Amino acid sequence: MKYLETINRTIHWFERSLIVILLIVMVTLAFTQVILRNLFSFGFLWADPLLRYMVMWVGFLGAVIATREGKHFGVDFLNRYLPKKILHGVRIFVNTFAAVVSCLLMYAAFQFLFEAIGAEETDLFEIPKRFYFSIIPIGFGLIGLQFLFNILKDARKLFSPDDRTQTPEPPHTFF
Amino acid sequence: MEYFIIGIILVLLALVGAPLFSLIGALALYLFTVSGGEAKFVIAELTRLADFPSLIAIPLFTFAGYLLAESKAPQRLVNLSQAIVGSVPGGLAVVALFSCAIFTAFTGASGVTIVALGGLLFPIMLKEGYPEKFSLGLLTTSGSLGLLFPPSLPIILYGLVAQISINKLFIAGLVPGILLIILLALYSITISMRSKISKIPFEWKNVLQTIRASAWELPLPVIVIGGIYGGVFTATEAAAVTAFYVLVVEVFIYKDINLFKDVPRVMQKSMLLVGAIFVVLGTALGLTNYFIDAQIPEQLFGWIRQFIDNKYTFLVLLNCVLLIVNMIEIFSAIIIVVPLIIPIANQYGVDPVHLGIIFLLNLEIGYMLPPLGLNLFIGSLRFERPMASMYRVTLPFMAILLVLLLIVTYYPMLSLWLVNLLGVQ
Amino acid sequence: SQQYLIKFATVAPEGSTWMNVMKEYDQAIRKESNGQLGFRMYPGGVQGDEKDLLRKIRLGQLHSAGVTGNGLTTVAPVARIMDSPFLFKSYNEVDNIYSLFDKDFSKSFSDNDFVNLGWAEVGFVYIFTNTPVRVTDDLKGVKMWMWEGDPIAEATFKSIGIHPIPLSITDVLTSLQTKLIDGIYISPYAAIALQWFSRVKYMLDLPLADAAGAVIISKKKFDQIPNNLQDILLRNGKKYMQKLTQLSRQENAKAIETLKKKGITVLSPPSEAAISSYEENGKKARHLLAGKLYTEDLLNKVEAAVTEFRKKNNTKTK
Ligand code: NA
Ligand code: NA
């Protein structure tokens, strides 16, 4: 159990750092681009496409964090009326479903990457396109993994005799 | 029969809180597979996101909005507007409307307006003698006001999914958006006249002081909104300027936010929202691709045409459908429904920009529609009132929104004349 | 019932000449095959741009697409010789080369696992700018757009001595607005359809190139179709795409008149020497690309054929 938690925390640390780095670069680069365009009628050609790839990366990494914190968009109308113990059971079931779907999407993304995009196709800075799009299977994979960690967390709570954990917040409140 | 069972299972999963993206993803995977396709088709559309010109606006605006919400900007905004119009009857209510509209436009209607501004304004309104029900209703409604103004995230998202110019949508939303605020302001003033409200005496000293306090934030709406309406900035550029400017001002000038302690946390929090949107967007594009592939919009149109032969009947039906759909989930509603509706609306001769404004207004109503409206949840949590009472207090405001929806639906020119006048591309 | 359904997609919108002729083509093959063969069509870019369409063909979601030079670069690189800058002066010259080198082009399609159902030309493309351009030197200060990943445009503008700015089609209009670019090349008809004309002032009345286009089908799908139906598909493809080409040419000629009415100033190169200068640069660019898309040998043959055809025709008219 303990080493699983270490793995989870290490992955999380990497995700968080990558998000911070990516976002700093995005804000700076996008702003520089506006200044260059408007004041000097000039712009880096690679900036816009690079920024769009970065949005994909930051988006998937953000989605992994959303999974970790249980804040994906969802309805969860019934959950408000369920007793805590049953709720943990329901959440294990729901997270298993989500984990399976995420893994299927990861598999689909790998298939796409290898069949639709040629190994020789490159984009900005002569870097293979497959690299830029690799975040799709990696992202879905990490999301699936995170659901798995969530399942373990709920399982532990389900079987622990003394449950003092709080009822989880509704998933789509973003503050 | 099989479809029916699958449908029931998915609805049940949704009701017990399965993430929406997993439901959409599962449906897309299932539909493609049973129709002789393959799982990998679902991903092809996701990669097209890398071609959307305005994609970058989404994380930048979201980040800037979260920074603003975490800073003391809401307090400064309230102080300033109170100093200016606090002495007018209903002044504070109008202040709430305006500041919430601007704040929502910048923070992307993710609920932060109610939390940040509503939480500030509610005690002040009660203290000045506004009825509690009215104040609750007003602040809950205001949580999604400003959806029609730049640089609102739902507009950007709509433009992205519908593949129409975001600048056009920004211009189109201006008149209906202002009209909505005027209608709500008139109602607020009427209520205020009936209640005994203590007034804040007008003092130039206060005005100057509050202006000085927010001197660095005041130019932002002017630069961004003015820049977009003036044709100087594209939506993407406005996003870049906003994010950079807010970061510098809040961290280095006001020092409300600590670069090392707070910024990484806010970045993570805001990208969480972007991520949640992103996976819904990604899987929904896959599902849409199935609909397109199976020519569902054409079939749907053929079916609807048997019952509806004119544009306006279609629009009424559309509004009913949208209100129901929006109740389920707002951001996702845009992403899933828009690509289905656009081709059908097109057949009925509805302008996609006009459709966008109708859609966004529906969205705004959807935020407060019982039983699942997002604003109702957040309001109930923030103001510590039971859900049931939230339904009641928002009723009069919802009525006003519905009236405006009717006007906007039946007078396309309300949305389109400024677009045509300015010749925006 | 229909046994052989071909899923076809294009960026051309519903109601365009392109789609209208495609529909006639579909009607014709359905009739001749007694309903065994037919297209299911996805117009208006609902399946994505050309890059997306080719990806979907590789995945097997689509079978067929209408593509222009951008897509042809990977589908039949040799055929891109037809997009060469300043190679043709009239459509007769174009038609002559298509018929003479049909075998070479077909082989290129086949090598990349595609079959060409018919050439559907986009037509002559012209240079549009915001500063007056008459001679090649006028282009030096222009921030010229090039279609992302198009080797021909890149070579052409580099040989003239300017560095074009690669952007995807979707970014062009905004980039004209933000002044990131102030020069574009496009067919007059498309300039109107895409609204690009609204952000430029001048058109150089000298065809930059004859933009090729084709309706292609994946070899995998094509090979599943029985021979007699393949024949129906190919024969009608050729017939209707020829019709489409003729219609496009007429529409492009009409579009130039419309552009003039909409306030675009049409400029001509001032002298024979000025035209020669463009042609010299074009030749340089064509040879720069030899070995990459097509062989030097083929290029020489094509150039010789054009010269010969031109000589023959001039003597005829004289
Ligand atoms: Na752009
Ligand atoms: Na777009």
Side-chain angles (χ1 to χ4, degrees), chain B residues 32-33 35-57 159-160 162-168 227-228 230-238 240 285-286 288-298 301 339-340 342-343 346-347 352 423-425, chain C residues 5-11 13-15 38-63 65 70 147-149 166-180 191-200 221 224 262-263:
Chain B
F32 263 126
T33 318
S35 65
E38 286 176 71
K40 58 197 177 188
F41 295 177
V42 178
I43 306 296
E45 288 299 300
L46 210 161
T47 56
R48 283 177 70 190
L49 277 178
D51 299 324
F52 286 126
S54 307
L55 191 69
I56 180 72
L160 206 146
Q163 304 216 27
I164 53 177
S165 150
I166 286 152
N167 284 28
K168 245 186 197 174
I228 288 173
V232 183
F233 290 148
T234 62
T236 317
E237 291 180 315
L285 285 170
T288 304
N289 187 225
Y290 169 79
F291 291 146
I292 302 272
D293 200 85
Q295 301 190 311
I296 304 283
E298 288 88 336
F301 172 64
L340 273 181
I342 292 234
N346 219 352
Q347 302 269 17
V424 199
Q425 287 299 327
Chain C
L5 181 71
I6 301 165
K7 287 161 86 182
F8 164 88
T10 169
V11 292
E14 183 76 63
F39 285 105
R40 178 190 276 179
M41 294 195 246
Y42 303 97
V46 291
Q47 293 275 22
D49 63 18
E50 289 186 16
K51 163 187 88 257
D52 300 314
L53 300 187
L54 293 179
R55 275 184 195 158
K56 285 179 179 175
I57 291 178
R58 265 179 242 146
L59 285 178
Q61 190 187 342
L62 294 174
H63 311 124
N70 190 269
W147 196 345
E148 217 170 27
L167 294 171
S168 72
I169 291 271
T170 44
D171 283 345
V172 170
L173 201 58
T174 338
S175 303
L176 279 170
Q177 190 187 344
T178 55
K179 299 193 170 56
L180 183 64
I192 295 172
L194 294 171
Q195 293 286 311
W196 290 6
F197 78 92
S198 62
R199 300 268 171 203
V200 287
K221 183 73 185 177
Q224 289 168 5
K262 291 196 184 245

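Note that the structure is a prediction, hence the values are computed from the model and not measured. Protein chains get the first letters and strands the later ones, always in sequence-line order, with residue 1 at the start of each.
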**Report entry** Proximal component of Q47(C), with respect to chain B [non-hydrogen, under 4.5 Å]
**Finding:** both
Report task. Grab the two heavy atoms, one from L59(C) and one from E38(B), that are nearest each other, plus how far apart they are. Result -> O-OE2, 4.5 Å
Query - Largest heavy-atom contact set with chain B, pairs under 4.5 Å, which of E14(C), K51(C), R40(C) - result: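 Of the candidates given, the most pairs with chain B belong to R40(C).
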Query raised in the report: Measuring from R55(C):CZ to I43(B):CD1, what's the distance to the nearest 0.5 Å?
Result: 12.5 Å
Report task. Starting at NZ of K7(C), measure out to CD of Q295(B) and round the result to the nearest 0.5 Å. Result ->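 Separation between the atoms: 9.0 Å.
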Requested in this report: Evaluate the side chain to side chain contact (heavy atoms under 4.5 Å, CB included) criterion for residues E45(B) and K56(C): first the C-alpha distance (whole Å), next the side-chain angles of each, then the deciding distance (0.1 Å), finally the verdict.
Outcome: CA-CA 10 Å; E45(B) 288 299 300; K56(C) 285 179 179 175; 2.3 Å; yes
Query raised in the report: Checking E298(B) against chain C: side chain, backbone, both or neither under 4.5 Å from a heavy atom?
Result: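 Neither the backbone nor the side chain of E298(B) comes within 4.5 Å of chain C.
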